[in-house]
Peer 1: 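The structure's right below; bear with me while I get my questions together.
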Amino acid sequence: MGKIWGFGITAAVFFSVVWLWTRQIENELGVSSIISGWALFAILVSLALYNLRKRLPFLPLASSSRWFLFHTVGGFLAVSLFWLHTGISWPAGFYNQVLALIFYAVSLSGVIGLIIEKVYPRFLTQSGDEYIYERIPSHIAEIRKKAEDLVIECTEKTGSDTLAQHYMDTLHWFFQRPRFFMNHVLRGQGAQIWVQQQCSLLERYLNVQEQTYLNQIFALADTKRKIDLHYSVQTLLKGWLLVHVPLSAAVMALVVWHMIVIQVYFQ
Amino acid sequence: MDENSFAHDKSPYERPDAPFRCGRGVFWKKPCHQGPYVDGRCGGTSECTPLLKGDRWQCKRPNSAGGPCADGPTPQGECSFHRLPCSPWPTLRVIRGRLALLAIISIAALVGTSQAFDQIESRFFSSSDARHLTKAHKNFSEEKGCSTCHVAHGKGPVEWAKAIFTKTNLSDNCVNCHAFAGPSSKAHNGDTNKYPNLQDTQCHMCHQEHKGDQLNSNLLTSKQCNFCHKTKFESFSNGHPEFPEKYPYLQRNTINFDHVTHLRKYFEDSKHSDNAPEKCTGCHLLTLAGRAVRSDGFDVICGKCHSKDIAKNKLNLLRLPEFNENRMDEKAVLQACNIETENMQVKIKKSTEEDFLSVSTDVVTKVSAYLLNLEENDPDAYGQKLQDLIMAMTEEGTAPMADLIEQFSGKSQADKLLAGLNPEVLKRAACAWALNLEYEPPAAAKYGGWFADLIDVGYAPLEHGDPVAKNWIEFALAAASNQDDDIRLKNAVAMRDQILSPKKGVGACAKCHAVTAHKNGNGKDELLMEWKIKWPREKPYVYYAHDKHINILGIADSCANCHVIDNKADYSSSFKNFDATQFTSNFKPIERGLCVQCHSEDQISQECQLCHIYHLNSGFKSDMTAVKTIIHKKEP
């Protein structure tokens, strides 16, 4: 908490200095947008450095959590400087409008990303298990194989295909790949209820031996449900960057173009 | 949860920067433990890459994937386990990188395409067009487009690169059309000789384009004004310097209209009270109210009482003076005048036989004294020259007089000075004078203009603004300013004083019109008659909006609210000299306190530019009209 205050106060001081500087320049009948523009550019570059920091984990460049905090506070500072630079009115001209539109899109995606980063990780912790995103396909394949092995074993040992028939009709779909994506994202209980329904529906038709196998399959389905939760949430945690980072790159490209145009047209 | 599930022998190491992931995993099948190569090829066609140790191949499948297999490698060193290759998919990291690259390429393509669009006429979308020019600028920049102001526009990357490293000033292009009375790049277009430390300014500091149809001119704040001005203060009501002692009556009016005598004396006189206006707006037109509330013209507000004064005061061009002796060649005169000798013989004989007795006992006019450079009171001195002129006029009418004037002012001016003078009239008068007779005109001159009567040739102005009278006044003023010779200067000054006499001068123009000393182009003082009402602009950076104040205060009392007549002021004496700054106003000075009554905190605005104008006499250059002509020609 102390860190965010530190970054927040630093950002507020930085913005105040730039704001006072622009006021001073305006009092001197100067062009204040040059100062606010360069300050905004400096902040945007420093925000973009976070991506570089991730690529250089071996360098002692402070912890990623500090960078994330800096990136978050810097993002809000960038929006403030953008308004100081352009005013709150919608800009004129095609490329200025494109630049403003993408800048706001980046800012909005950043805010959404911040909410995602702050809200969803605790759900993963609450689930009690830890799954590496890249290994989820492997986990699902393993669970699926275990479930299918149990179904075959049940059929062979009990001589009844009730469980196998039910598995093929319902649970087979569930074990094929991650399911209930949006339900997990929205913190719904849909997957849990569905699994329970499928198992409880079958329970009355099984004998004691078959119920033992059903209980083992239910345990596997519950594990699969948790993996699905991890998959959904981690996809969200990683996926928002697919919007934020490309848009940020577009903003930086347009900012460079903007600076060239300013130099050519207004120097 | 198994705390050791990520131990090195249970869990393979997931490289975060791996560019590809196993294609089987993409479709939710069991991914191989080796995973793809960095170049995107499948790395899972075998379980391991066996290692030759001594003379035996050993299985190198890691414990996390089940440890060494039971079959082990083949004798040739190949893995005994084979599976079909998959199609590895890029990881999210790579997809993100590709999307970012795509975004940059898209922006570059957008910019490049729009730059191409810049080159053609229809700039549907442009990466450099800021759009939304003001209406005025949009119209005149239609032909050249952006390059009207931005010189590097549309000139390609090389010129752009040069422009980045070349300092240009946008304001240079502004002054192609806009003009000011002082340097355009200095604060307030001020006089750099008077204020050498004036700050450099650029137009776009205050005037910003591309902000919409209306020009976005930033009104200066008090802080901005205080930045340069040495006298710093909070606001108009708090610290603003007091107005000058005589404000706003710092300079003499161009028209000598004494409000005190008119309002307190003439308008109260029963003779003139019918012509008196009821209030100030009887003479001052509210419809023209702005910096000043201009008055109506002479014919409307002055003519009722003063129009007769104009025709009554004549110009005395020539007068037959007293001659001591007759130097005329009578025969030549008779011949030139085409007079029958029989009718005139007796008179001529009489005058020649007896001692010469001049028909006139007057002196020469001031005008002829100046033109002929004469001593006006000495008949012996002027006799010869004047009789020669009269003799010449008997032969050529106005031509000798015109030649005489041309010596001083050129033919054009001479033509204007003698405009309307009938040569025959002048010739007949000259003929009579040459014969030592008074000229008897066929009829009295009733309608003004040039006339000849007895011993005079003169001019009676026809109406207010008579051009001949004005030209003679200007001629006299110029003559008195440009003489080196003492006698000629004396004569010129005498001529000027007579012509400018409020009571006897031609048209009595100087009764109302002020004569003011100005510096001419050569730095010399010259006198000019103020023919037109010039509303004083000795403070060009100050603007008082009469119209808005009258709207608020009402017509009835709003003038007197600020303009209080000073009954003791000696207004007319200010017009006896030529220095416009030596002036006593009809009105008492206006003090800042009067304005502060309304313009103060929590009342009416106190912004500096409410009363102060930033630019010095801003306007347009004359060739702006030429631009319009070109545009019209191109219209179908």
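Chain letters run A, B, ... following the sequence lines, proteins first, then strands; residues in each count from 1. In this text the structure is predicted, and so the values were computed from the model without any measurement.
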Peer 1: Less than 4.5 Å to any heavy atom of chain A: does that hold for the side chain of B/Q202, its backbone, both, or neither?
Peer 2: neither
Peer 1: Evaluate the side-chain contact (heavy atoms from CB on, under 4.5 Å) criterion for residues B/L110 and A/Y95: first the C-alpha distance (whole Å), next the side-chain angles of each, then the deciding distance (0.1 Å), finally the verdict.
Peer 2: CA-CA 9 Å; B/L110 188 69; A/Y95 94 94; over 6 Å; no
Peer 1: Hey, what do you get for CD1 (B/I164) to OH (A/Y265), rounding to the nearest 0.5 Å?
Peer 2: 11.5 Å
Peer 1: To the closest 0.5 Å, what do you measure between NZ (B/K29) and CZ (A/R177)?
Peer 2: 13.0 Å
Peer 1: As a quick check of understanding, evaluate side-chain contact (heavy atoms from CB on, under 4.5 Å) for B/T221 and A/N27, giving each step before the final call.
Peer 2: CA-CA 8 Å; B/T221 62; A/N27 288 342; 4.2 Å; yes
Peer 1: What part of A/I102 lies closer than 4.5 angstrom to a heavy atom of chain B: side chain, backbone, both or neither?
Peer 2: side chain
Peer 1: Is it true that, when you exclude B/E234 itself, more than 12 heavy atoms of the residues, nucleotides or ligands shown sit nearer than 6.0 Å to its CD?
Peer 2: no
Peer 1: I would like to know whether A/K145 and B/K30 meet side-chain contact (heavy atoms from CB on, under 4.5 Å); could you show each step before the answer?
Peer 2: CA-CA 9 Å; A/K145 187 170 184 312; B/K30 177 74 175 173; over 6 Å; no
Peer 1: Would you call the rings of B/W160 and A/W257 parallel, tilted or perpendicular if under 30° counts as parallel and over 60° as perpendicular?
Peer 2: parallel
Peer 1: Around atom CZ of B/R15, are there more than 12 heavy atoms of other residues, nucleotides or ligands at under 6.0 Å?
Peer 2: no
Peer 1: Please tell me whether B/W28 and A/F175 form a close aromatic pair, meaning their ring centres lie under 6.0 Å apart.
Peer 2: no
Peer 1: What are the two closest heavy atoms between B/Q224 and A/E26, and how far apart are they?
Peer 2: NE2-O, 2.5 Å
Peer 1: For A/L20, look at atom CG and say whether over 12 heavy atoms of other residues, nucleotides or ligands are found less than 6.0 Å away.
Peer 2: yes
Peer 1: Using non-hydrogen atoms only, which part of A/R144 is less than 4.5 Å away from chain B: side chain, backbone, both, or neither?
Peer 2: side chain
Peer 1: Residue by residue, scan residues 239-246 of chain A and write down, ordered by number, those that have a heavy-atom distance under 4.5 Å to chain B; if none do, write 'none'.
Peer 2: A/L241, A/L242, A/V245, A/P246
Peer 1: What part of B/L99 gets closer than 4.5 Å to chain A, counting heavy atoms only: side chain, backbone, both or neither?
Peer 2: both
Peer 1: Can A/E134 and B/R21 be counted as an ion pair, charged N to O under 4.0 angstrom?
Peer 2: no
Peer 1: Specify the closest pair of heavy atoms between B/G25 and A/P137, including all atoms of both residues, with the distance to one decimal.
Peer 2: O-CB, 3.3 Å
Peer 1: Heavy-atom cut-off 4.5 Å, strictly under: side chain, backbone, both or neither for B/H33 against chain A?
Peer 2: neither
Peer 1: If we ignore hydrogens and angles and just use 3.5 Å, is the side chain of A/Q263 paired with the main-chain N or O of B/F165 as donor and acceptor?
Peer 2: no
Peer 1: So which part of B/R93 gets closer than 4.5 Å to some heavy atom of chain A, the side chain, the backbone, both or neither?
Peer 2: side chain
Peer 1: B/L92 versus A/T235: any side-chain heavy-atom pair under 4.5 Å?
Peer 2: no
Peer 1: I need the residue from A/Q97, A/R135, A/H139, A/Q24 with the largest number of non-hydrogen atom pairs under 4.5 Å to chain B.
Peer 2: A/R135
